[in-house]
Enquirer: 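One structure coming up, written as structure tokens, with questions to follow.
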Amino acid sequence: DGPRPRPGQEVSVKVLCALEDGGLVERDPRLTFVPGYGDVVQALELGVPTMQPGEVSFFLADFPYGYGPPGSWRCARREPDVPPEAPLLFEVTLLEVRDGPDPQRLPPDVRLRLGGQRRERGNFHFARGDFAAALRSYRLALRALDGPTAAPPGPQEEEELREQRVKCLNNCAAAELKLQRAGEALAACEAALRISPDNGRALLRRGQLLAQQGRDAEAALVLRRALELDPASKV
């Protein structure tokens with residue numbers, strides 16, 4: 001027993017998720033997330049904050065609170081592991097509630113895991129067409145990846161942190177474009193290029209955005225550089 005999770009607190013839950021016909025979708029003995037951050041499906045976002053530590057709950061979630069109209073696909077399969085518009089049954093045990101982690105104090109490996117988890121969640125929202133939610137997840141991923149760490153990262157971890165930041169910034173640019181915010185998309189591209197000046201994806205998108213603004217001379221320089229890096233690119 002104990003108080004229910006408050007906004008901003010982190011929770012750990014044991015989750016079993018199945019289709020109505022009993023087909024297993026997910027089993028996680030300890031899933032950790034902060035409700036409201038968009039890291040998990042909405043059924044868990046809304047349901048877990050109503051629980052007390054130690055409580056076991058069953059949620060029957062209609063498809064808008066699960067994986068939405070498209071369902072969920074795994075790359076290795078030809079069939080979706082969650083069919084389109086499928087309701088889901090969750091068995092959830094609330095294991096622990098604690099104050100949310102300070103991302104500035106996390107070790108590099110945890111920051112990488114948290115950043116990757118939130119970027120993947122952003123990709124999930126993007127694939128569903130919820131670009132505002134995708135952008136929020138990408139920004140949360142960047143917040144986890146940026147800034148000083150509890151311990152200095154090693155060379156490999158530092159490179160992985162840089163790569164993850166660039167991926168998140170490129171994804172932010174794509175989401176901003178879907179939201180018809182070209183200025184913000186250009187700023188995200190330029191932030192990615194400050195980290196990785198020869199990132200082809202950021203160069204290409206920056207060149208296209210500059211051309212759309214009528215800044216043709218700047219666009220030509222950027223696009224020539226992108227072409228030098230990837231001469232075979234049809235785009």
Side-chain angles (χ1 to χ4, degrees), residues 1-72 74 80-83 85-128 130 132-147 149-150:
D1 291 340
R4 294 181 174 88
R6 299 189 306 274
Q9 286 191 307
E10 186 177 69
V11 299
S12 291
V13 296
K14 178 182 177 182
V15 178
L16 181 67
C17 175
L19 301 171
E20 284 190 309
D21 64 5
L24 181 65
V25 173
E26 181 181 7
R27 186 197 305 272
D28 195 323
R30 192 174 186 88
L31 174 64
T32 298
F33 64 98
V34 179
Y37 275 23
D39 292 338
V40 294
V41 295
Q42 201 170 7
L44 297 178
E45 291 266 12
L46 297 174
V48 171
T50 70
M51 299 174 62
Q52 293 178 292
E55 183 178 349
V56 180
S57 294
F58 293 88
F59 305 140
L60 179 60
D62 203 1
F63 70 89
Y65 301 94
Y67 289 92
S72 175
R74 299 248 171 98
D81 57 324
V82 178
E85 300 189 1
L88 297 171
L89 179 63
F90 293 87
E91 179 185 326
V92 183
T93 305
L94 180 53
L95 303 173
E96 187 179 2
V97 179
R98 56 191 172 276
D99 289 336
D102 181 353
Q104 302 301 322
R105 298 179 183 174
L106 297 178
D109 62 324
V110 176
R111 296 171 75 93
L112 283 164
R113 178 181 56 77
L114 189 58
Q117 174 184 323
R118 290 177 177 168
R119 185 172 65 83
E120 288 300 320
R121 191 64 190 165
N123 293 344
F124 167 76
H125 291 308
F126 194 99
R128 295 179 67 186
D130 191 345
L135 186 60
R136 183 173 63 249
S137 291
Y138 296 144
R139 287 174 174 168
L140 286 166
L142 283 167
R143 198 165 86 182
L145 294 164
D146 284 339
T149 59

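Remember, predicted model here, so these are calculated numbers, not experimental data.
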Enquirer: Starting at CZ of Arg136, measure out to CZ of Arg118 and round the result to the nearest 0.5 Å.
Expert: 11.5 Å
Enquirer: Identify the heavy atoms of Tyr37 and Ser137 that sit nearest to each other, and give their distance.
Expert: O-OG, 4.1 Å
Enquirer: May I ask you to test the Gln9-Val34 pair for a side-chain heavy-atom distance under 4.5 Å?
Expert: no
Enquirer: Are any of the side-chain heavy atoms of Val11 and Arg4 separated by less than 4.5 Å?
Expert: no
Enquirer: Might you point out which heavy atoms bring Gly66 and Val41 nearest each other, and give the distance in Å?
Expert: O-CG1, 3.6 Å
Enquirer: What pairs with Phe126 under ring-ring contact (aromatic ring centres under 6.0 Å, His included), at least two apart in sequence or on another chain?
Expert: Phe131
Enquirer: Calculate, to the nearest 0.5 Å, the distance between atoms CG and CG belonging to Leu19 and Leu24 respectively.
Expert: 8.5 Å
Enquirer: Please name the pair of heavy atoms, one in Arg27 and one in Leu16, separated by the smallest distance, quoted to 0.1 Å.
Expert: NH1-CD1, 3.8 Å
Enquirer: Is there side-chain contact between Ser57 and Glu55, with at least one heavy-atom pair below 4.5 Å?
Expert: yes
Enquirer: When you compare the side chain of Leu94 with that of Ser12, does any pair of heavy atoms fall below 4.5 Å?
Expert: no
Enquirer: Return the set of residues passing side-chain hydrogen bond (donor to acceptor under 3.5 Å, both in side chains) with Arg6 (not counting sequence neighbours), or none when no residue passes.
Expert: none
Enquirer: Are any side-chain N or O atoms of Asp62 and backbone N or O atoms of Pro64, one a donor and one an acceptor, separated by less than 3.5 Å?
Expert: no
Enquirer: Working to the nearest 0.5 angstrom, can you tell me the gap between Lys14 NZ and Leu95 CG?
Expert: 8.0 Å
Enquirer: Contact between Leu89 and Phe59 at the side-chain level, heavy atoms closer than 4.5 Å - yes or no?
Expert: no
Enquirer: For Asn123, enumerate each residue passing the side-chain contact (heavy atoms from CB on, under 4.5 Å) test, keeping only those at least two apart in sequence or located in another chain.
Expert: Arg119, Glu120, Tyr138, Asn171
Enquirer: Would you name the heavy atoms of Ala86 and Val82 that are closest together and state the gap between them?
Expert: CB-CG1, 3.9 Å
Enquirer: Please examine the side chains of Pro35 and Leu46, heavy atoms only from C-beta on, and report whether any two atoms are closer than 4.5 Å.
Expert: no
Enquirer: Strictly distance-based, threshold 3.5 Å: is any side-chain N or O of Glu45 a donor or acceptor partner for the main-chain N or O of Gly36?
Expert: yes
Enquirer: Are Tyr65 and Leu88 side-chain neighbours, meaning at least one heavy-atom pair lies under 4.5 Å?
Expert: no
Enquirer: So does Arg98 have more than 12 non-hydrogen atoms from other groups sitting under 6.0 Å from CZ?
Expert: yes
Enquirer: Indicate yes or no: does Glu96 engage Arg30 in a salt bridge with an N to O separation below 4.0 Å.
Expert: yes
Enquirer: Carefully, step by step, assess Leu44 and Leu31 under the rule side-chain contact (heavy atoms from CB on, under 4.5 Å).
Expert: CA-CA 11 Å; Leu44 297 178; Leu31 174 64; 4.0 Å; yes
Enquirer: State, with a plain yes or no, whether a side-chain heavy atom of Met51 is found less than 4.5 Å away from one of Val92.
Expert: yes
Enquirer: Determine the minimum heavy-atom distance between Ala141 and Gly115, stating which atoms define it.
Expert: CB-O, 3.4 Å
Enquirer: Would you find more than 12 non-hydrogen atoms of other residues, nucleotides or ligands less than 6.0 Å from Phe33 atom CZ?
Expert: yes
